[in-house]
2 protein chains.
Amino acid sequence: MTEVLVHTRRAETLREVLENDIVTGAYPAGTRLDEVMLATRFNVSRTPIREALIELSGAGLVEIRPRRGAFVREIGITRLIEMFEVMADLEAMCGRLAARRIRAEELAELEQIHEACVHAKAEGDPDAYFRANQAFHEAIYKASHNSFLEEQALLLQNRLKVYRRLQLRVPNRISGSLSEHGQIVEAIKAGEPQRAAEALRQHILIQGERFNDFVASVAGHVKSVSSRS
Amino acid sequence: MTEVLVHTRRAETLREVLENDIVTGAYPAGTRLDEVMLATRFNVSRTPIREALIELSGAGLVEIRPRRGAFVREIGITRLIEMFEVMADLEAMCGRLAARRIRAEELAELEQIHEACVHAKAEGDPDAYFRANQAFHEAIYKASHNSFLEEQALLLQNRLKVYRRLQLRVPNRISGSLSEHGQIVEAIKAGEPQRAAEALRQHILIQGERFNDFVASVAGHVKSVSSRS
DNA sequence: GGATTTGGTCTTGTATACAAAGATCGTTGA
DNA sequence: TCAACGATCTTTGTATACAAGACCAAATCC
């Protein structure tokens with residue numbers, strides 16, 4: 001998870017740190033990211049900061065308003081649901097292709113990760129489950145054998161990471177998630193594209209649809225959709 | 001098509017111009033984009049050039065190799081087919097949602113654009129058809145009433161623009177495209193999500209699958225997949 | 001009293017200067 | 001002759017300096 005690699009460009013590492021800070025909520029939505037503030041914080045000049053902000057803007061995490069600065073993007077509930085809707089479709093596509101193209105060793109790994117999920121739940125360790133869950137989905141992306149799709153899925157997954165994590169705090173959600181995983185594995189194993197796709201779509205959509213349930217607990221991250229300036 | 005808007009940041013306009021140059025093949029795949037060369041060409045300093053290149057790298061059009069420079073990204077045939085596969089799925093999703101959510105005036109506009117396509121074909125004007133065709137697909141994106149999906153579809157459509165354009169040069173492709181459009185409109189009009197989705201998926205996949213037919217004619221743009229450094 | 005304008009300050013956007021890593025090419029040694 | 005090494009030169013990456021638009025507040029006008 002935590003890259004130890006030393007990048008040659010500072011902008012690269014800065015982007016990763018800032019991305020993490022935004023995703024974890026250290027910089028809540030709407031926060032203005034002052035260039036000199038960040039520059040002093042990281043002991044660099046404004047140049048690499050600007051480049052990092054531009055990268056983040058490309059990833060959709062910050063919004064750059066010309067001559068006004070960079071802001072942590074406000075994600076309205078509507079947009080969040082839209083993103084989950086697309087994520088569900090991407091994951092369904094991964095599942096559909098994986099059911100057709102998965103290799104024996106990939107299937108073995110997927111089942112092994114699924115076991116790890118079961119284990120994490122039994123241990124009652126939500127963080128471990130979150131990590132195993134993420135590995136589970138990434139294994140399916142990879143098994144689609146469409147590297148572009150894999151990249152896109154990873155990108156969007158990353159943007160939704162915080163919210164998926166919060167989702168697991170909902171009572172009984174882990175149990176539900178786990179049994180859905182089981183069905184997904186079954187469908188892929190059986191080589192049934194349609195079933196795998198639908199199982200994955202529902203698995204993701206549940207997170208998006210039930211979102212209103214815990215909107216209150218995310219009040220800091222999610223801004224009401226009515227506040228469109 | 002051609003934005004008249006004056007952007008406050010030069011990087012923004014530079015990105016658009018460079019994007020266009022890459023997409024039209026003025027800078028073929030693999031070309032090294034020298035910063036000072038571009039700076040002198042546009043009569044600006046390296047700073048906005050760099051920022052534009054970073055944006056393009058985020059969009060996947062150029063690859064920045066640290067300390068070595070920016071290169072127009074080589075898109076192998078495999079990756080191109082993968083991208084079409086994802087595009088097909090995104091468009092199918094747009095169609096599925098549009099069939100459910102399209103509003104009366106949007107449907108009217110869609111039919112009107114479809115008429116424009118028919119007209120352009122009758123006139124034998126490939127460029128006009130290309131533009132109308134693009135408008136047709138964008139109308140469906142919008143009718144999905146999922147603004148995030150719309151953005152993603154537009155982004156990928158833009159990256160595949162050149163290849164879709166070339167596709168229309170294939171004999172009889174325009175006729176086929178047009179009749180497919182007709183079926184898509186029918187399905188959306190009838191409010192049949194499944195049919196609309198499948199019609200759109202096939203409509204896009206045909207372009208990807210038949211791609212090998214004219215790979216030779218794109219030799220300058222597309223690089224053999226075997227050349228992985 | 002309220003709205004508007006205007007000056008000042010702050011922050012972004014751009015240019016330029018400097019540092020360091022990579023590429024090139026010639027030389028030297030086997 | 002060829003390969004390896006090194007000096008130089010080119011080009012990227014970063015810092016700093018400068019220009020200009022945006023925000024704020026006070027003063028002025030209606």
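In what follows, chains are A, B, ... by sequence order, proteins preceding strands, each numbered from 1.
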> Do A:E85 and B:R101 meet the salt-bridge criterion of a basic N to acidic O distance under 4.0 Å?
Replying inline: yes
>> Check B:R50 with A:E51, please: is the shortest side-chain N to carboxylate O separation under 4.0 Å?
In response: yes
>> Counting only side-chain nitrogens and oxygens, does B:R32 get under 4.0 Å of the OP1 or OP2 atom of D:dT12?
In response: yes
> In whole angstroms, how far is the P atom of D:dT12 from the CD atom of A:E51?
Replying inline: 12 Å
> Under 4.0 angstrom, heavy atoms only, what part of the nucleic acid is B:R46 near: base, sugar-phosphate, or nothing?
Replying inline: base
> Do A:P28 and A:V72 touch side chain to side chain, with heavy atoms closer than 4.5 Å?
Replying inline: no
>> Under 4.0 Å, heavy atoms only, any strand: does A:R9 hit a base, just the sugar-phosphate, or nothing?
In response: sugar-phosphate
> In terms of side-chain geometry, is the basic nitrogen of B:R79 or A:E151 positioned less than 4.0 Å from the acidic oxygen of its partner?
Replying inline: yes
>> Can you confirm whether more than 12 heavy atoms, excluding those of B:Q157, are under 6.0 Å from its CD atom?
In response: yes
> Can you check whether B:R50 has a side-chain N or O nearer than 4.0 Å to OP1 or OP2 of D:dG13?
Replying inline: yes
>> With nearest nucleotide decided by heavy atoms, which residue, A:N43 or B:V36, maps closer to the 5′ end of DNA chain D?
In response: B:V36
> Any chance CD of A:E35 has more than 12 other-residue heavy atoms, nucleotides or ligands included, within less than 6.0 Å?
Replying inline: yes
> With respect to A:H145, which candidate in A:R103, A:E106, A:R100 satisfies the side chain to side chain donor-acceptor pair (under 3.5 Å) definition?
Replying inline: A:E106
>> Can you list, in residue-number order, the parts of residues 53-63 of chain B that come under 4.0 Å of DNA chain C, counting heavy atoms only?
In response: none
> Does A:A70 or A:T47 map to a spot on DNA chain C nearer the 5' end, using the closest nucleotide for each?
Replying inline: A:A70
>> Reading DNA chain C from 5' to 3', where do the contacts with chain A start and stop? Cut-off is 4.0 Å to heavy atoms.
In response: C:dT11 to C:dT14
>> Once you measure the plane-to-plane angle for B:H181 and B:H137, does it fall in the parallel (<30°), tilted (30-60°) or perpendicular (>60°) bin?
In response: perpendicular
> Within this structure, what is the CE-to-P distance between B:M37 and D:dT11, rounded to whole angstrom?
Replying inline: 10 Å
> Is the backbone N or O of B:F148 less than 3.5 Å from a side-chain atom of A:E82, with the two atoms forming a donor-acceptor pair by type?
Replying inline: yes
